[in-house]
Amino acid sequence: MTATSAKKVAVLMGSASDKDKMAPAGDTLRRYGIEVDERVLSAHRTPQRVADFASGARDQGFAAIICGAGMAAHLAGAVAGQTTLPVIGVPLSGGALNGVDALYATVQMPKGIPVATVAIDGALNAALLAVQMLAIDDPGLAKQLEEHRAEMAPPT
Ligand code: RP5
């Protein structure tokens with residue numbers, strides 16, 4: 001399958017305990033009519049499953065992969081190392097450092113393997129970024145994004 005026509009995005013999270021914080025990603029993608037596949041996959045608890053999923057994601061028709069994880073958050077980097085699809089990292093709050101650890105772990109990728117990192121608990125923005133990627137060659141999605149922006153604008 002060619003990725004250019006894909007309208008499917010994966011939303012991965014490191015633990016079932018991340019579900020509430022990652023819910024805005026799936027909700028937002030569905031609002032734009034994009035198919036979502038949400039999975040709990042851990043870079044340290046289930047590393048082989050992460051590798052298997054990420055290395056096959058392009059052939060499975062995914063266009064982008066959103067990864068949310070907290071604490072020593074390796075998930076986005078581990079996924080990015082197994083695919084050339086765009087990977088968007090969501091550092092999650094919690095633990096002794098309340099998300100600053102996850103932010104640094106997610107954003108500070110060494111050169112060559114990028115992870116587009118959003119704010120701590122920024123699952124909604126991660127989804128919007130994925131929609132914007134899909135909208136590059138989809139005028140319908142681009143129009144939806146423009147309408148959404150107009151809704152957010154303060155009244156004049
Ligand atoms: C990370 O550790 C997960 O992404 C989660 O944010 C955090 C705590 O996980 P649990 O101990 O609640 O499973 O791997």
Side-chain angles (χ1 to χ4, degrees), residues 1 3 6-136 138 141 144-145 148-149 152:
M1 172 181 277
K7 290 286 180 285
K8 184 164 71 161
V9 171
V11 176
L12 311 183
M13 60 205 84
S15 169
S17 67
D18 298 328
K19 278 185 179 166
D20 287 350
K21 288 172 191 154
M22 290 303 293
D27 292 346
T28 302
L29 290 162
R30 281 185 283 270
R31 171 181 174 174
Y32 283 90
I34 293 165
E35 185 181 343
V36 183
D37 186 333
E38 293 163 298
R39 299 177 186 218
V40 175
L41 288 173
S42 168
H44 52 279
R45 291 172 176 150
T46 58
Q48 192 57 51
R49 277 191 238 162
V50 171
D52 291 346
F53 177 81
S55 60
R58 186 181 291 277
D59 286 344
Q60 293 295 316
F62 289 97
I65 304 176
I66 295 171
C67 299
M71 302 176 79
H74 321 296
L75 183 60
V79 167
Q82 297 282 350
T83 182
T84 54
L85 290 174
V87 175
I88 304 169
V90 186
L92 297 178
S93 59
L97 301 181
N98 206 20
V100 175
D101 42 3
L103 172 63
Y104 285 173
T106 305
V107 76
Q108 286 292 94
M109 284 297 291
K111 63 187 173 188
I113 310 292
V115 168
T117 305
V118 296
I120 295 170
D121 294 338
L124 189 151
N125 269 3
L128 288 176
L129 188 54
V131 175
Q132 289 177 200
M133 290 171 182
L134 289 168
I136 288 169
D138 186 325
L141 271 185
Q144 278 183 264
L145 283 163
H148 188 192
R149 290 275 177 102
M152 283 191 295

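First listed ligand is number 1; within each ligand, the first listed atom is number 1.
Regarding atom 3 (C) of ligand 1, its nearest protein heavy-atom neighbour is Asp18 OD2, 3.4 Å. With hydrogens left out, the protein atom closest to atom 11 (O) of ligand 1 is Arg45 NH2, 3.2 Å, a heavy atom. Protein heavy atom nearest atom 10 (P) of ligand 1, with residue, atom name and distance: Ser15 OG, 3.4 Å. From the protein, the heavy atom lying nearest to atom 7 (C) of ligand 1 is Met71 SD, 4.0 Å. The protein heavy atom nearest to atom 1 (C) of ligand 1 is Gly70 O, 3.5 Å. At the top of the distance list for atom 12 (O) of ligand 1, counting protein heavy atoms only, stands Ser17 OG, 2.7 Å.
Distances between N or O atoms of Ser42 and those of ligand 1 include no value under 3.5 Å. Taking any N or O of Ala69, backbone or side chain, none lies under 3.5 Å from an N or O belonging to ligand 1.
Neither the backbone nor the side chain of Met13 comes within 4.0 Å of ligand 1, counting heavy atoms alone. Residue contacts with ligand 1, taken as heavy atom pairs separated by less than 4.0 Å, do not involve Leu92 at all.
Thr28 and Ala127 make their closest contact through CB-CB, 3.7 Å (heavy atoms, listed as atom of the first residue, atom of the second, distance). Across Ala51 and Ser55, no two heavy atoms sit closer than the pair O-OG, 2.7 Å. Of all heavy-atom pairs spanning Ser42 and Val50, the tightest one is O-CG2, 3.4 Å.
Counting only residues at least two apart or on different chains, no side-chain hydrogen bond (donor to acceptor under 3.5 Å, both in side chains) pair has a member in residues 70-82.
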Would you list the atom pairs, donor with acceptor, under 3.5 Å between side chains in residues 114-122 and any protein atom, with sequence neighbours excluded?
residue, atom, partner, partner atom, Å
Thr117, OG1, Thr106, O, 3.4
Thr117, OG1, Val115, O, 3.4
Asp121, OD1, Ser93, N, 3.0
Asp121, OD1, Ser93, OG, 3.3
Asp121, OD2, Ser93, OG, 2.7

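With rounding to the nearest 0.5 Å, the separation of CZ in Phe62 from OG1 in Thr83 is 10.5 Å. With values rounded to the nearest 0.5 angstrom, Leu124 atom CG is found 11.0 Å from Met22 atom CE. Atom NE2 of His148 is separated from atom CG of Leu145 by 8.5 Å, given to the nearest 0.5 angstrom.
Each of the following atoms of ligand 1 lies closer than 4.0 Å to a heavy atom of His44: 14 (O).
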